[in-house]
Structure formats: C-alpha cells, structure tokens
Amino acid sequence: SCHPGLTSVDEQQQRWQNDSVWADRLALLPIRQFLDLWYQQGVFAELSAQQRQQLIDKRAHNNPLSLANCYQATSLAKQQNLWTIPQQLNCECHYILGENDKKFSQLAQTWQQTGAPLKLHHIANAGHNVHLAQPQAFSQVVLAL
C-alpha cells in the first residue's frame with residue numbers, strides 16, 4: 001500500500017500543512033492521546049476498538065520527538081513523483097494491499113490506468129496495515145514473488 005507521490009506543488013503544500021499539524025500534535029500531546037487520534041483516521045477504519053487499543057499500547061513507549069522528526073522527514077510532501085518508475089523498470093512490479101483498503105485500492109487502479117505494469121495482490125480480511133492484519137498471507141505473497 002505505497003503511494004507513488006503527489007503530482008502537483010499544490011498537493012505537496014497541502015500535504016505538508018497537514019503533516020505539520022500531525023507533527024505538532026505529536027510534539028504537544030501525550031503519546032497515548034496522539035495515538036488515539038492517529039488511529040481514528042479513515043485509512044485505519046478497518047481496525048476494531050480492540051485492535052486500535054493494541055496498537056496504541058504497542059507504540060506508547062516510542063519517543064514522540066523522534067517520531068515527529070521521522071514523520072516530517074518521510075512526509076509524502078517530500079517524496080519524489082514516482083508514478084512513471086514502473087514503466088522504466090525491466091522487472092515485474094507488485095503492489096500488495098488489503099482488500100478493505102479503499103483509498104490505496106483506488107490509488108493502485110489509478111496507477112495502473114497511467115500505464116504502470118503493476119500486478120496487484122489483494123490480501124483478504126485486511127485494510128491498510130495488511131502486514132499486521134494478515135501477516136501470514138502477506139508473507140506468503142512476498143515469498144511467492
């Protein structure tokens with residue numbers, strides 16, 4: 001469930017503003033409160049309350065300042081536009097995603113429509129965190145490639 005990049009300066013600026021808000025929240029809020037807000041985002045809608053709480057518990061020990069720095073350094077706003085890379089490669093390109101990840105499913109289809117030779121692998125009963133939701137199925141796909 002990767003993103004090939006934003007295609008305009010306006011999109012990049014909007015994303016940077018959004019990411020800056022999240023980085024500020026991470027720096028200012030207690031880590032558990034931040035994580036609770038983070039996992040309420042639409043991309044994580046498939047998580048049950050129990051799964052959400054497990055992720056919060058798992059990540060509550062992380063250093064908020066380090067996370068904020070990492071988050072800003074890896075912002076989609078700073079990523080290059082990679083939409084045409086698959087067409088330039090002399091190898092197969094695979095895109096693994098959860099069948100319930102509507103946002104990245106649409107993104108993958110749009111990417112294919114641009115001519116990208118992507119082979120999509122939908123993992124059943126998984127959303128955006130496909131590797132967490134279905135680790136065995138995810139691993140089987142990766143090992144079979």
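Computation of the quantities below employed the complete heavy-atom set of this structure, encompassing side-chain atoms and omitting hydrogens, waters and symmetry-equivalent molecules. Note that the structure is predicted; figures quoted are calculated from it, not measured.
- Of all non-hydrogen atoms in Gln134 and Ile123, the two that sit nearest each other are CB-CG2, 3.7 Å.
- The heavy-atom pair separating Phe44 from Arg52 by the smallest distance is O-NH2, 3.7 Å.
- The main-chain N or O of Cys2 is found under 3.5 Å from a side-chain atom of Tyr95 such that the two form a donor-acceptor pair.
- Once rounded to the nearest 0.5 Å, the distance linking CD of Gln14 with CG of Leu76 reads 12.0 Å.
- Enclosure of atom CD in Gln50 is not indicated, since only 12 or fewer non-hydrogen atoms of other residues, nucleotides or ligands lie within 6.0 angstrom.
- Of the charged side-chain nitrogens involved, at least one lies within less than 4.0 Å of a carboxylate oxygen, so that Asp57 and Arg32 count as a salt-bridged pair.
- Within a 6.0 Å sphere centred on CD of Gln88, other residues, nucleotides and ligands contribute more than 12 heavy atoms.
- Across all non-hydrogen atoms, the minimal contact from Leu132 to Pro135 is O-CD, 3.4 Å.
- Formation of a donor-acceptor pair under 3.5 Å by the Gln51 side chain with backbone atoms of Ser48 is found in this model.
- Classified by interplanar angle (parallel below 30°, tilted 30° to 60°, perpendicular above 60°), the ring pair Trp38/Tyr71 is perpendicular.
- Expressed to the nearest 0.5 Å, how far CG of Asn129 lies from NE2 of His131 amounts to 5.0 Å.
- Here the closest heavy-atom approach between residue Asp101 and residue His128 is recorded as OD2-ND1, 2.8 Å.
- Phe104 has its ring centre no less than 6.0 Å from the ring centre of Trp111.
- No side-chain N or O of Ser75 forms a donor-acceptor pair with one of Gln79 less than 3.5 Å apart.
- Leu37 and Ile56 fall within a single hydrophobic cluster, where Ile, Leu, Val, Met, Phe, Trp and Tyr are joined by side-chain heavy atoms under 4.5 Å apart, directly or via other members.
- Note that the CG atom of Asn18 and the CH2 atom of Trp16 stand 11.0 Å from one another [nearest 0.5 Å].
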Inset, instruction - Mind running side-chain contact (heavy atoms from CB on, under 4.5 Å) on His122 and Leu120 for me, showing each step along the way? - result: CA-CA 6 Å; His122 292 87; Leu120 303 186; 3.9 Å; yes

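- Partner of His121 under the side-chain hydrogen bond (donor to acceptor under 3.5 Å, both in side chains) criterion, chosen from Glu99, Gln140, His94: His94.
- Identified under the salt bridge (charged side-chain N to carboxylate O under 4.0 Å, His left out) test for residues 109-138, with sequence neighbours left out: Glu92-Lys119.
- A salt bridge links Arg15 with Asp19: at least one charged nitrogen is closer than 4.0 Å to a carboxylate oxygen.
- Residues Leu82 and Leu107 are members of separate hydrophobic clusters, defined by side-chain heavy-atom contacts under 4.5 angstrom among Ile, Leu, Val, Met, Phe, Trp and Tyr.
- Within the 3.5 Å criterion, the main-chain N or O of Arg59 finds a donor-acceptor partner in the side chain of Asn62.
- A distance of 9.0 Å separates NZ in Lys78 from OG1 in Thr74, rounded to the nearest 0.5 Å.
- Remark: the Gln12 side chain and the Ser8 side chain contain no N/O donor-acceptor pair separated by less than 3.5 Å.
- For the pair Gln53 (side chain) and Ala49 (backbone), a donor-acceptor distance under 3.5 Å is absent.
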Inset, instruction - Please step through side-chain contact (heavy atoms from CB on, under 4.5 Å) for the pair Gln106 and Lys102, ending with a clear verdict. - result: CA-CA 6 Å; Gln106 180 61 48; Lys102 292 180 185 0; over 6 Å; no

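- Between atom CG of residue Leu26 and atom CG of residue Leu65 there is a gap of 8.5 Å, rounded to the nearest 0.5 Å.
- To the nearest 0.5 Å, atoms CG (Leu47) and CG (Leu55) are separated by 6.0 Å.
- The side-chain heavy atoms of Leu6 and Asn81, taken from C-beta on, include no pair separated by under 4.5 Å.
- No chain of hydrophobic side-chain contacts below 4.5 Å, direct or via other Ile, Leu, Val, Met, Phe, Trp or Tyr residues, connects Val43 to Val130.
- Heavy atoms only, all atoms of each residue included: Pro86 and Leu118 are closest at CG-CD2, 4.1 Å.
- With a 4.5 Å cut-off on side-chain heavy atoms, Asp36 and Gln33 do not count as touching.
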